[in-house]
Structure formats: C-alpha cells, structure tokens
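Only one structure is covered here, and it is reproduced in the block below.
Just so it is clear, the structure is predicted and the values come from calculations on it, not from any experiment.
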Amino acid sequence: MQYTFQATLNAAAADTDCVVVGVYKDGVLSGAAKQLDDSSQGKIKDFIALGDFSGEKDTSQLQYDLPGVKARRVLLVGLGDKATMTQEILAQATLNAAQQLKTRKVDHVTSFLTDECSAEYRAAAVRQAVQAVAQALYDFSAYKSKKDENPPTLQSWMVAHTDAGDLSKEVAQGVAISAGMSLCKDLGNTPGNVCTPSYLAETAQQLADISDKVTLEVLEESDMEALGMGAFMSVSKGSTQPGKMLIVQYNGGNKGDAPVALVGKGITFDTGGISLKPGAKMDEMKYDMCGAASVLGSLKAAIEMDLPLNLVAIVAAAENMPAGNASKPGDIVTTMSGLTVEILNTDAEGRLVLCDALTYAEKFKPAAVIDVATLTGAAIVALGHHTSALLSNDDYLAQEVLAAGSVANDEAWQLPLGEKYKEQLKSNFADMANIGGPPAGTVTAACFLSYFTENMKWAHLDIAGTAWDGGAKKGATGRPVPLLTQFLLNRAYPA
C-alpha cells in the first residue's frame with residue numbers, strides 16, 4: 001500500500017479511481033465538495049436535495065460519472081455538525097471510507113477529508129488518516145486454512161488538500177506509526193502457544209536488525225536470578241517456557257543524552273497461576289502481553305521515523321502458569337531493589353515482573369520512564385474500554401502523556417497516586433503485599449510500582465480496557481502505540 005500527499009489540488013481534477021470528500025449535516029459542503037459541485041454544475045447539491053443523504057456522521061454515498069469531474073467515482077462522507085467536527089470524527093470518516101472502498105474495484109483513492117481540519121491540527125489529522133486506512137486494511141489470518149476470497153484491491157491512498165503546505169513528512173510518520181500498530185496487533189493476536197517469551201525475543205532481534213542504531217540484550221533466567229530479580233522469577237518459574245527480559249536500545253540522539261525508557265508487561269499467557277482465573281474468556285489472556293507489544297510497536301515506529309532521540313525499550317516477558325513449583329499465596333520474594341513482597345494473589349503477577357524491570361531501567365538514568373501494562377480489571381471498571389488509566393509521580397510528565405494522547409486520538413485519564421493508598425499494601429510479614437484489596441485497585445497497583453521508581457520521573461499506563469476488543473470484534477487494538485509515538489515525537493521535536 002502506497003501513501004502520498006498532494007497540496008493545492010482541485011478535487012474535480014484529481015486523476016484517481018475515487019475522490020473522497022466530506023459533507024456536513026444538513027447538506028453543508030466541504031471545500032473539496034464545493035469544487036466538485038461547481039465543476040458538475042450543481043449535481044452534488046441536486047443529489048442532496050433529494051433527501052437520501054444528509055451528511056450525518058457514519059453515513060456515506062457513492063456518486064458515479066459526475067460531469068466535469070475526472071474521477072469516475074465520488075464518495076460523499078458524512079461529517080455531522082460542522083461546529084463540533086474533531087480529529088476523531090475525521091479519522092472515523094476516513095476509516096469508514098476505506099472500509100467501504102477496500103473491496104471494490106478501486107485501486108487508487110484521493111481523499112480530501114483532512115482538508116477540513118484547522119491548520120493547528122492538520123499534521124495530527126494527516127497521521128491519523130493514514131492510520132485509519134491501515135486499520136481498515138489490517139488482517140490477521142495467518143492461522144486460517146482458507147484465505148479471504150475478496151482481498152482488498154486498494155493500491156494507493158493519497159491525502160490531498162485544496163490549499164495547504166506540504167505534509168508529506170506527516171504521511172510518512174503515519175505510515176511508521178501504522179507499522180508499529182500492526183506489529184502490536186500481530187503480537188497480541190498471535191496465540192499463546194506461538195507467542196512465547198522466546199517469540200518476543202525473536203521479534204526484538206528483528207527490530208534490532210533494522211538499523212545499526214539499535215542493539216539488543218536478552219537477560220535469561222540465570223542472569224535475572226544472579227541480579228536478584230526474585231519478583232520476576234516468582235512468576236516465570238511455574239512455566240516450562242523460560243522467562244526473558246529484553247533490553248532494546250535505539251540510539252538516535254546525541255551520545256550521552258538521557259534516553260526515554262519504555263517498559264512493557266509481557267505476560268504471554270496469564271492463567272492467574274495458583275490463583276487460577278475462571279475459564280470464561282481466559283483465551284483473551286494471550287493479550288496480557290499487549291503492554292510489551294505496544295512498547296515494541298512504538299520502538300518500530302521510532303526506528304522507521306529515524307527519530308533524533310535515545311530510547312530504551314524493556315520487555316518483561318514470562319508466562320504465568322500453575323505448576324508444582326509455581327508461587328503460592330503467602331510466599332515472600334525479594335525484588336532486585338532489595339524490597340520484599342508478600343504474594344497474596346498470584347494473579348497480580350504483572351506488577352511482580354514490572355517492579356524488577358523498572359529497577360533495571362534505573363541503570364540507564366532515563367529522562368523519563370513510562371511503563372505500559374494490562375494490569376488491572378479495576379481500570380476497566382473505572383474507565384471502560386475507551387480511555388487508558390494514567391498515574392505518575394511527576395505532574396509535568398503526566399501532562400506530557402495526557403497531551404500526547406489527546407493529539408494522537410488515543411486518550412488517557414489521570415488517576416490519583418498518594419501515600420494514603422499505600423496503606424492498603426501493608427504486610428505483616430514483608431515490606432509490602434502485592435495487592436491492596438478491591439478498593440482503588442488500579443491506584444494501589446500503581447502505588448506498588450511507585451516503590452521502584454522513586455528516583456525516576458515515571459508514568460504508568462494501565463491499558464487493560466483499551467489494548468483489545470472482545471466479542472465479535474475480538475482483536476488487539478494497537479493502543480497505546482499512537483500515544484507513545486506522539487510522546488516520542490514531541491520529545492524529539494519540541495515546540
């Protein structure tokens with residue numbers, strides 16, 4: 001699939017199989033739609049006057065062979081009320097258009113939808129338009145014996161504006177972010193009998209092979225045991241699949257510049273361990289490594305964009321299985337930091353692998369560290385499936401993350417973090433317990449991690465509600481790759 005950008009193009013003159021333009025509620029035409037209407041002597045307004053298409057959101061209508069219009073097809077896409085138009089609406093409109101056109105006999109599309117965005121947000125809107133098309137074309141059928149009989153025919157998608165500066169760089173960035181999201185989705189969707197910690201290590205090696213700016217170090221269980229990572233080992237020891245910690249360094253910035261550290265929870269399958277989960281929907285626990293998948297996806301995007309910054313991606317990869325040698329409720333382990341933890345529930349394992357990974361991250365003296373994890377069901381109770389939970393020990397960093405999510409249409413919401421919540425983690429027998437009871441479960445999980453980040457500027461993203469969809473649309477979403485890559489873009493190119 002080829003993505004391009006064209007500025008100062010008249011929609012009626014676009015030499016393409018299909019032109020995509022927006023129409024607002026009550027038939028108000030976008031700028032590009034007006035060009036088509038003028039060239040066709042009012043045919044679009046005449047059609048709208050019939051009342052079959054009103055410009056409401058999530059509606060569209062194909063027109064054919066309009067006089068004075070070079071393209072044989074014109075897709076009118078509803079944008080809703082012009083006064084409330086947002087980047088999110090434009091991205092959804094692009095997604096709808098791509099889904100409608102992908103299986104038609106259309107090879108080349110020229111879309112003017114992002115032309116409707118204000119200059120302030122056009123760069124982000126263009127990136128998101130590319131991501132929307134890639135999402136429409138995404139397919140995960142590697143394990144199906146019969147392939148799609150009607151595969152997409154689209155070969156190119158041009159983002160065009162009637163009057164704008166060159167946004168080709170933003171198109172390329174959208175392509176890179178889409179590639180990172182696709183990797184994240186692929187890893188999440190791959191079954192747990194294939195996507196093991198070793199599989200994640202192989203994926204990390206493939207990323208390291210892309211560029212001479214990238215290096216990979218893999219810590220095996222023997223290495224982690226020697227480093228005193230007792231919390232991590234308490235999780236991985238119950239599985240026949242060896243746990244691994246992956247450290248991928250991307251050196252795109254100046255030598256000696258402090259890196260941004262991204263730390264991902266990579267539980268490639270989570271049974272709950274001895275605290276066994278219910279059987280219903282346990283298959284979805286292959287998605288418990290989506291934090292790691294998003295970190296690797298963001299790393300891929302950074303490499304492809306050749307971002308001028310230093311980045312270290314750390315993946316804590318393990319399976320959480322019940323076995324004769326698995327951890328038991330009541331066991332006490334010693335973390336790499338020296339702090340001891342009483343394991344009251346073996347299904348709160350993500351924080352156990354992450355705490356040692358975060359302690360290891362401190363050796364890089366990062367400018368900021370963000371950990372990403374499908375950590376708590378409480379995050380879903382609090383925020384549902386639309387917004388990720390954010391907690392941080394640094395208000396400025398938290399605002400950076402929130403702003404990046406807002407621009408990237410991949411939103412997070414900040415929850416409180418404080419000493420009063422740490423009271424719930426007290427243990428009679430160790431420095432802390434690994435759970436704090438039902439109240440404020442997302443907050444107490446972050447409080448646990450905060451013990452291991454006191455010397456760093458740290459933010460925690462709980463993506464339990466946003467990393468994948470269930471039901472008929474079951475599949476990884478690729479989030480929060482857009483948020484993370486926007487954060488990296490903002491760091492690489494400060495305003």
Taking the side chain as every heavy atom from C-beta outward, state whether [X] and [Y] have any pair of such atoms under 4.5 Å apart.
X    : Y    : value
L262 : L299 : no
T335 : Y451 : no
I247 : F364 : yes
I274 : P329 : yes
V401 : I370 : yes
M245 : I314 : yes
D58  : N96  : yes
L90  : Q128 : no

Report yes or no: does [X] contribute a side-chain atom to a donor-acceptor pair with the main-chain N or O of [Y] at less than 3.5 Å?
X    : Y    : value
T442 : A379 : yes
E217 : L246 : no
Q87  : V407 : yes
E221 : G243 : yes
S239 : S236 : no
T453 : S450 : yes
R122 : C117 : yes
T334 : T340 : no
D394 : L397 : yes
R127 : A408 : no

Where is the tightest heavy-atom contact between [X] and [Y], given as atom of each residue plus distance?
X    : Y    : result
E342 : N428 : OE1-N, 4.4 Å
G441 : T376 : O-CG2, 3.8 Å
A373 : K265 : CB-CB, 3.6 Å
A433 : V341 : C-CG1, 4.2 Å
D431 : G338 : OD2-O, 4.3 Å

ring-ring contact (aromatic ring centres under 6.0 Å, His included) contacts touching [range] (sequence neighbours left out):
range            : value
residues 280-316 : Y287-W468
residues 476-495 : none
residues 298-328 : none

So, applying side-chain hydrogen bond (donor to acceptor under 3.5 Å, both in side chains) with K213, which one of N310, D306, N251 is it?
D306

Distance-only polar pair, side chains of [X] and [Y], donor-acceptor under 3.5 Å:
X    : Y    : answer
T271 : N320 : no
D288 : T374 : yes
T466 : S388 : yes
N345 : N434 : no
N455 : E362 : yes
S60  : Q100 : yes

To the nearest 0.5 Å, tell me how far [X] [atom1] sits from [Y] [atom2].
X    : Y    : atom1 : atom2 : answer
Q241 : N193 : CD    : CG    : 9.5 Å
S298 : I177 : OG    : CD1   : 9.0 Å
T346 : L352 : OG1   : CG    : 9.5 Å
L113 : T94  : CG    : OG1   : 4.5 Å
D410 : T477 : CG    : OG1   : 7.5 Å
H460 : L390 : NE2   : CG    : 9.0 Å

Chi angles and distances behind the side-chain contact (heavy atoms from CB on, under 4.5 Å) call for K244, D223
CA-CA 9 Å; K244 296 178 184 290; D223 301 314; over 6 Å; no

More than 12 foreign heavy atoms under 6.0 Å from [atom1] of [X]: is that the case here?
X    : atom1 : result
Y3   : OH    : yes
F429 : CZ    : no
K457 : NZ    : no
E220 : CD    : yes
K277 : NZ    : yes
Q205 : CD    : yes
D395 : CG    : no

Holding to side-chain contact (heavy atoms from CB on, under 4.5 Å), I want the full list of residues that pass it with [X], two or more places apart in sequence or in another chain.
X    : result
I89  : K57, T86
Y138 : F140, S182, K185, D186, N189
A261 : V312, P366, V369

Output, in order, the C-alpha distance, side-chain angles, deciding distance and verdict of side-chain contact (heavy atoms from CB on, under 4.5 Å) for V263 and L354.
CA-CA 8 Å; V263 180; L354 283 174; 3.9 Å; yes

Which is it for F269 and M282 under the side-chain contact (heavy atoms from CB on, under 4.5 Å) test, yes or no, and what are the steps along the way?
CA-CA 9 Å; F269 196 84; M282 193 194 283; 4.0 Å; yes

Salt-bridge contact [X]-[Y] (side-chain N to carboxylate O under 4.0 Å):
X    : Y    : answer
E423 : K426 : yes
K25  : D81  : no
D270 : K286 : no
K422 : E419 : yes

Go through it in stages, so that I can follow the logic: the residues are R479 and S294, the test is side-chain contact (heavy atoms from CB on, under 4.5 Å), and I'd like the CA-CA distance, side-chain angles, deciding distance and then a yes or no.
CA-CA 7 Å; R479 296 178 66 186; S294 69; over 6 Å; no

